[in-house]
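A quick write-up on the structure given underneath.
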Amino acid sequence: MRRLALLLCSVMAVGSLTGCSGGGPYCDAIDENADVFAKFNKLTQANFEANAAAAAEVAKVAPAEISPQWTSISTATADVLSALEKSQIKLEDMKSEEQTNALSQADIDRLDKAFGEFNDTREDREDVVAHAQDECGIDLSKK
């Protein structure tokens with residue numbers, strides 16, 4: 001339980017993503033998803049699902065030097081969602097001790113792995129924030 005709470009806190013530490021576009025398909029994709037990225041810290045299933053889709057959308061049009069990072073973020077986010085679905089728990093229910101105590105060890109292991117892999121994207125998340133600022137003038141670190 002404590003480990004899952006720490007992982008959830010790590011997810012919450014992700015900066016929200018907002019800004020305005022400098023143009024081009026990549027910058028436009030980031031700008032079009034700014035509202036989704038801005039709500040990421042609101043840790044709901046719907047926001048996490050939207051973020052996974054938005055990151056995948058940006059990855060499709062991202063320049064080669066940053067596409068792997070966007071893909072990594074999208075994949076890790078989708079993997080968390082898959083682990084939540086298999087464990088039959090929603091992201092917002094992870095705050096409930098009653099809900100998390102009802103998880104099996106297999107569920108806990110699955111969630112621990114998925115959240116750990118998501119947390120391993122921290123450098124990728126920092127890279128996309130820096131790249132969006134440098135290439136598009138979009139500040140994804142605004143909170």
Side-chain angles (χ1 to χ4, degrees), residues 1-101 103 106-143:
M1 169 64 187
R2 186 169 177 213
R3 188 174 207 186
L4 286 175
L6 290 173
L7 292 171
L8 189 59
C9 289
S10 295
V11 172
M12 292 172 69
V14 176
S16 60
L17 311 171
T18 60
C20 56
S21 176
Y26 171 63
C27 296
D28 289 347
I30 293 172
D31 189 47
E32 289 167 8
N33 288 289
D35 289 342
V36 171
F37 296 137
K39 294 177 187 174
F40 188 68
N41 284 344
K42 291 194 167 80
L43 291 187
T44 67
Q45 189 83 15
N47 288 344
F48 219 73
E49 289 168 355
N51 190 274
E57 184 178 318
V58 173
K60 289 178 190 174
V61 294
E65 70 267 13
I66 198 69
S67 181
Q69 289 86 341
W70 279 104
T71 300
S72 170
I73 294 164
S74 172
T75 300
T77 306
D79 288 349
V80 167
L81 291 166
S82 177
L84 289 165
E85 182 179 338
K86 287 177 183 173
S87 300
Q88 298 180 348
I89 189 168
K90 298 234 183 247
L91 185 61
E92 51 268 33
D93 294 335
M94 296 285 294
K95 297 175 190 173
S96 164
E97 190 172 334
E98 182 180 331
Q99 293 278 343
T100 57
N101 284 341
L103 294 170
D107 292 333
I108 292 169
D109 292 345
R110 179 183 310 111
L111 291 164
D112 185 44
K113 181 177 188 260
F115 278 110
E117 289 173 359
F118 176 84
N119 291 336
D120 288 346
T121 68
R122 181 179 182 152
E123 189 173 312
D124 290 339
R125 289 179 273 141
E126 291 169 355
D127 289 348
V128 300
V129 167
H131 193 269
Q133 180 67 52
D134 293 346
E135 296 297 317
C136 306
I138 299 174
D139 185 359
L140 298 179
S141 66
K142 288 185 179 179
K143 294 180 170 89

Check: D93/S96 side-chain N/O donor and acceptor closer than 3.5 Å: no
Which atoms form the tightest heavy-atom contact between [X] and [Y], and what is the distance?
X	Y	value
I73	T77	O-OG1, 2.7 Å
H131	P63	CE1-CG, 4.0 Å
L81	A52	CD1-CB, 4.0 Å
A59	T71	CB-OG1, 3.5 Å

Option passing side chain to side chain contact (heavy atoms under 4.5 Å, CB included) with E57 (candidates N33, V36, I30): N33
Inter-residue atom distance L91.CG - E49.CD, 0.5 Å rounding: 9.5 Å
From Q133 atom CD to L140 atom CG, the distance as rounded to the nearest 0.5 Å: 8.0 Å
Trace of the side-chain contact (heavy atoms from CB on, under 4.5 Å) decision for V58 with F37: CA-CA 11 Å; V58 173; F37 296 137; 4.1 Å; yes
Aromatic ring pairing F48/F118, orientation class (parallel under 30°, perpendicular over 60°, tilted between):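 Because their plane-to-plane angle lies in the 30° to 60° range, the rings of F48 and F118 count as tilted.
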Aromatic plane relationship, W70 with Y26 - under 30° parallel, 30 to 60° tilted, over 60° perpendicular: perpendicular
Review item, side-chain donor-acceptor pairs of residues 82-90, under 3.5 Å, at least two apart:
| unit_1 | atom_1 | unit_2 | atom_2 | d |
| --- | --- | --- | --- | --- |
| S87 | OG | A83 | O | 2.9 |
| S87 | OG | D107 | OD1 | 3.4 |
| S87 | OG | R110 | NH1 | 3.0 |

Side chain N101, main chain E97, donor-acceptor under 3.5 Å: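 Checking the backbone N and O of E97 against the side chain of N101, a donor-acceptor pair under 3.5 Å is found.
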Check: Q45 side chain, E92 main-chain N or O, donor-acceptor pair, under 3.5 Å: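 It does not hold such a pair.
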Heavy atoms from other residues, nucleotides or ligands near CD of E65 exceed 12 (cutoff 6.0 Å):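 Above 12, so yes.
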Residues in side-chain contact (heavy atoms from CB on, under 4.5 Å) contact with Q69, at least two apart in sequence or another chain: I66, D124, D127, V128
